[in-house]
*Asks:* 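Have a look at this one before I ask anything.
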Amino acid sequence: MEISNNKLLRFTTAGSVDDGKSTLIGRLLYDSKSIFEDQIEQVEKTSKRKGHEGVDLALFTDGLRDEREQGITIDVAYRYFTTPNRKFIIADTPGHIQYTRNMVTGASTANAAIVLVDARHGMVEQTKRHIFIAHLLGIPHILICINKMDLVDYSEDRFYEVAAEIKQFITAIGIESGQFIPISALEGDNVVNKTKAMPWYTGDPLLSVLEHIEPDTVDHDLGLRFPVQTALRPQSGTFRDFRGYAGRVEGNEIHVGDEVMVLPGGQLSTISAIDKMGTSVSTAGIGESVVVCIADDIDVARGNMLVSKHNAPRVGNAVRALFCWMDEQPMRPNTKYIVRQCSDEALGIIKGIGYRLDINTLEKLEGAQTVAMNDIFEAEIRFNKPVFTDPYKRNRVTGSFVLIDPGTNRTVAAAMVQ
Amino acid sequence: MNYLDELESEAVYVLREVYAQFDNPVILFSGGKDSIVVTHLAKKAFYPSRIPFPLLHIDTGHNFPETIAFRNDLASGLGCKLLVGSVQESIDKGRVVEEQGKLATRNALQTTTLLDTLEELRIDCAIGGGRRDEEKARAKERFFSHRDDFGQWDPKNQRPELWNVFNGRHFEGEHFRVFPISNWTEMDVWNYIKRENIAIPSLYYAHEREVVWRNGSWIPNSEYLVLDGNERIERKKVRFRTLGDITITGGILSEADTLEKIVDEVSVMKETERGNRADDKRSETAMEDRKRQGYF
Ligand SMILES: Nc1nc2c(ncn2[C@@H]2O[C@H](COP(=O)(O)OP(=O)(O)O)[C@@H](O)[C@H]2O)c(=O)[nH]1
């Protein structure tokens, strides 16, 4: 099998309970032959015990015991499958409002989102919520699968009716492109294989759409962003004088010879060498873990960032951001939370909530005083020291951070810089 | 980057976060291919420095001799300190009681030895080779997985993990399990081993050995094997897809004696690799139950 040029696509799935999300994932895995025989046997056994006819595809994706017993997906579960063209990672997230935080988590690393809609019900509140969260988290490709087409006689009219309603919504919230696919997860129509049941649909089945999406975000104007994870100083043998900075390229491609500015100090230097896990290279692209050496003797440590001088991030003691509260304990006003952003840590206090978002109506409710788990809100956060950020829309890594409660060490909020 | 580069880069990023966030991390080294790959990734992550973590082997005492030889060579080649936690010692000290009967294994006993060793050595992070595709209870495991001061995992109360921000903050006595190759599948591991030409124990390659047919796979003959009345020892050409306790790790019939052939064979495989491990056959939630208690 020739695999060397295959790329990785991470996508997330969301749908209301019973829209057929588990069945769809089961179908993708099953039809792409990503399920082993012993797993099939196990699921057949369970299906029989639960009184299902044949194999209940949904059981392939039900993870933990409690969830299996309650028959719902609670947490984010990750699934994998590979086709001859691509490797896929699915972040399978629950759709109910009380799991907004899980949807946010699953969406944070995804490059495509599948939103499932029941053809009989059309757009419901959850559909809007899922689409909105995908958009909020900056997922570039949104695929709307109108499922259970078998239950509406594979009707073209019904498909276009539902699609039109959703299209109006996505345009209103500012999404430029959305793709619509009529499917039946149960029957396998247009999931992996193109169906004969809907000759009026001229597009590709879901899997080929997923295989052809551009997985990389191509923005060539991100500037150089290299958050330093740790300094490497072997201090022995041939590398006695070696000093390099380990990290991942989070902006534009870097080159030996590039001028860099070190934040927070602002000193200038040039990249003198790039080492890619043991091999010396002259450039490294976005997402690559490398070690960078610079020409001047500047003290650089974890939490610092190498950036381009003329396209630098904002450096400031406060930013406005959209937050998703993730903890069972509601936010405590005037509390110093630990801010973790790239490799840096600061303290932050949330000041002045701008608005809280009603995730059902998408209305901005002003004057909110408190926020609790699953709330999405806009606020200013003040830091105890300068933090280097980009707007989330431009860079998902340097534009995001989390809050940690110093009392419990739990991750309590996710934030996207505006 | 192709998908293997991306997985590699992600794992290296995670390993560097471990180094930066913890005081006393170790790599849990079983001698199996997944922990070998993690060790290889650690070598790359910190080059030209040495791997800044010791290797910790939880030794059931029921080993394939090849695994132990391989482990010793690897550790000394890398200049890594090798730590061993012994299940036999836990039994001798009365910390655990050996299972009885034909299907007895020391697998579950490893949990106690592991937790005791982590506590004794004040280890705050144990890096493992677990993958989310291995087993459904693992599908929800975080990269940075928190354990309370009893070493327990609470799958319903995990920290959210977003973007590439990992939160390893913990209180005294608690620890983390970190899984850098969470997003890899068995196939990815093999393709990577082939691409990087990573040395692995000879047991992974097809070879002739004495085995007995039990529970749907070929269990190797060893001094610990207790034969049932109608079981008999045969010579077969087999290889192992995972390496664990010799008493329960089943081989498959195979002619694959090169990496090339193994990759080809794995790509058309019809059963999960853990399907050949008796410990996972006990119940549908066997893995989840063990993981909650602190298993690997
Ligand atoms: N007729 C029909 N039923 C479906 C389809 N997809 C899912 N279902 C059924 O809808 C129910 C809910 O599906 P499930 O996948 O568990 O939904 P989830 O809650 O979104 O994961 C199950 O009874 C499925 O068999 C479909 O395309 N057509």
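Quantities reported herein were computed from a predicted structural model and do not represent experimental measurements. Below, chain A is the first sequence line, B the second, and so on; all start at residue 1.
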*Asks:* Distance check, rounded to the nearest 0.5 Å: A/Tyr80 atom OH versus B/Asp133 atom CG?
*Replies:* 7.5 Å

*Asks:* Tell me whether the count of non-hydrogen atoms from other residues, nucleotides or ligands lying under 6.0 Å of CZ in B/Phe150 goes above 12.
*Replies:* no

*Asks:* Counting only non-hydrogen atoms closer than 4.5 Å, does B/Arg142 touch chain A with its backbone (N, CA, C, O), its side chain (CB onward), both, or neither?
*Replies:* side chain

*Asks:* Tell me, for A/Leu9 versus chain B, whether the close heavy atoms (under 4.5 Å) come from the side chain, the backbone, both or neither.
*Replies:* neither

*Asks:* Do B/Tyr19 and A/Arg302 make a side-chain contact, defined as non-hydrogen atoms from C-beta onward lying under 4.5 Å apart?
*Replies:* no

*Asks:* Hey, is NZ on B/Lys43 packed in by over 12 heavy atoms from elsewhere, all under 6.0 Å?
*Replies:* no

*Asks:* Please classify the contact of A/Val104 with chain B as side chain, backbone, both or neither, using a heavy-atom distance under 4.5 Å.
*Replies:* both

*Asks:* Enumerate, atom names and distances included, each donor-acceptor pair closer than 3.5 Å involving a side-chain atom of residues 232-247 of chain A, sequence neighbours excluded.
*Replies:*
residue	atom	partner	partner atom	Å
A/Arg243	NH2	A/Asp297	OD1	2.2
A/Tyr245	OH	A/Ile298	O	3.4

*Asks:* Could you give me the CA-CA distance, side-chain angles and deciding distance for B/Asn164 and A/Glu250, then say whether side-chain hydrogen bond (donor to acceptor under 3.5 Å, both in side chains) is met?
*Replies:* CA-CA 11 Å; B/Asn164 61 348; A/Glu250 306 290 9; 3.2 Å; yes

*Asks:* Given that the side chain runs from C-beta out, which part of A/Asp275 has a heavy atom under 4.5 Å from chain B: side chain, backbone, both or neither?
*Replies:* side chain

*Asks:* Would you mind telling me which of A/Ala110, A/Ser400, A/Pro406, A/Ala414 has the largest number of heavy-atom pairs within less than 4.5 Å of chain B?
*Replies:* A/Ser400

*Asks:* Under 4.5 Å heavy-atom distance to chain B, tell me which part of A/Ala415 shows up: side chain, backbone, both or neither.
*Replies:* backbone

*Asks:* To the nearest 0.5 Å, how far apart are CG in B/Asn191 and NZ in A/Lys87?
*Replies:* 10.0 Å

*Asks:* Would you say A/Glu328 has more than 12 foreign heavy atoms packed within less than 6.0 Å of its CD?
*Replies:* no

*Asks:* Quick check on B/Glu10 against chain A: is it the side chain, the backbone, both or neither that has a heavy atom closer than 4.5 Å?
*Replies:* both

*Asks:* Does any heavy atom of chain A fall under 4.5 Å from the side chain of B/Arg132, the backbone, both, or neither of them?
*Replies:* both

*Asks:* For A/Thr230, which atoms come within 4.5 Å of any heavy atom of chain B: side chain, backbone, both, or neither?
*Replies:* side chain

*Asks:* With heavy-atom distances below 4.5 Å as the criterion, would you say the side chains of A/Val76 and B/Gln158 are in contact?
*Replies:* no

*Asks:* When only pairs under 4.5 Å are counted, which of B/Val263, B/Val12, B/Asn183 shares the most heavy-atom pairs with chain A?
*Replies:* B/Asn183

*Asks:* So which of B/Pro160, B/Ala20, B/Pro52 has the largest heavy-atom pair count under 4.5 angstrom toward chain A?
*Replies:* B/Pro160

*Asks:* Do B/Val165 and A/Phe401 come within less than 4.5 Å of each other through their side chains, counting heavy atoms only?
*Replies:* no

*Asks:* At a heavy-atom distance under 4.5 Å, which candidate from A/Val290, A/Leu137, A/Val397 has the highest pair count against chain B?
*Replies:* A/Val290

*Asks:* Examine whether an atom of B/Phe171 lies under 4.5 Å from a heavy atom of chain A, and if so say whether it belongs to the side chain, the backbone or both; otherwise answer neither.
*Replies:* both

*Asks:* Minimum heavy-atom separation for B/Arg159 and A/Asn409, please, with both atom names.
*Replies:* CZ-O, 3.0 Å

*Asks:* Please name all residues satisfying side-chain contact (heavy atoms from CB on, under 4.5 Å) with B/Ser9, sequence neighbours left out, ordered by chain then number.
*Replies:* A/Arg248, A/Ser289, B/Met1

*Asks:* Using 0.5 Å steps for rounding, measure from the NZ atom of A/Lys7 to the CG atom of B/Asp5.
*Replies:* 10.0 Å

*Asks:* Would you check if A/Met277 and B/Glu8 make a side-chain contact, meaning some heavy-atom pair closer than 4.5 Å?
*Replies:* yes

*Asks:* Quick check: closest heavy atoms across B/Trp163 and A/Met416, and the distance to 0.1 Å?
*Replies:* CZ2-CG, 3.8 Å

*Asks:* Does the side chain of B/Tyr47 reach to within under 4.5 Å of the side chain of A/Thr279, using non-hydrogen atoms?
*Replies:* no

*Asks:* Flag the pair A/Arg340 and B/Glu17 as a salt bridge only when some basic side-chain nitrogen lies within less than 4.0 angstrom of an acidic carboxylate oxygen.
*Replies:* no

*Asks:* Under the side-chain contact (heavy atoms from CB on, under 4.5 Å) criterion, do B/Met187 and A/Thr82 qualify, and how do the steps go?
*Replies:* CA-CA 9 Å; B/Met187 199 62 230; A/Thr82 306; 6.0 Å; no

*Asks:* Quick one, A/Met326 and B/Leu162 - any side-chain contact, counting heavy atoms below 4.5 Å?
*Replies:* yes

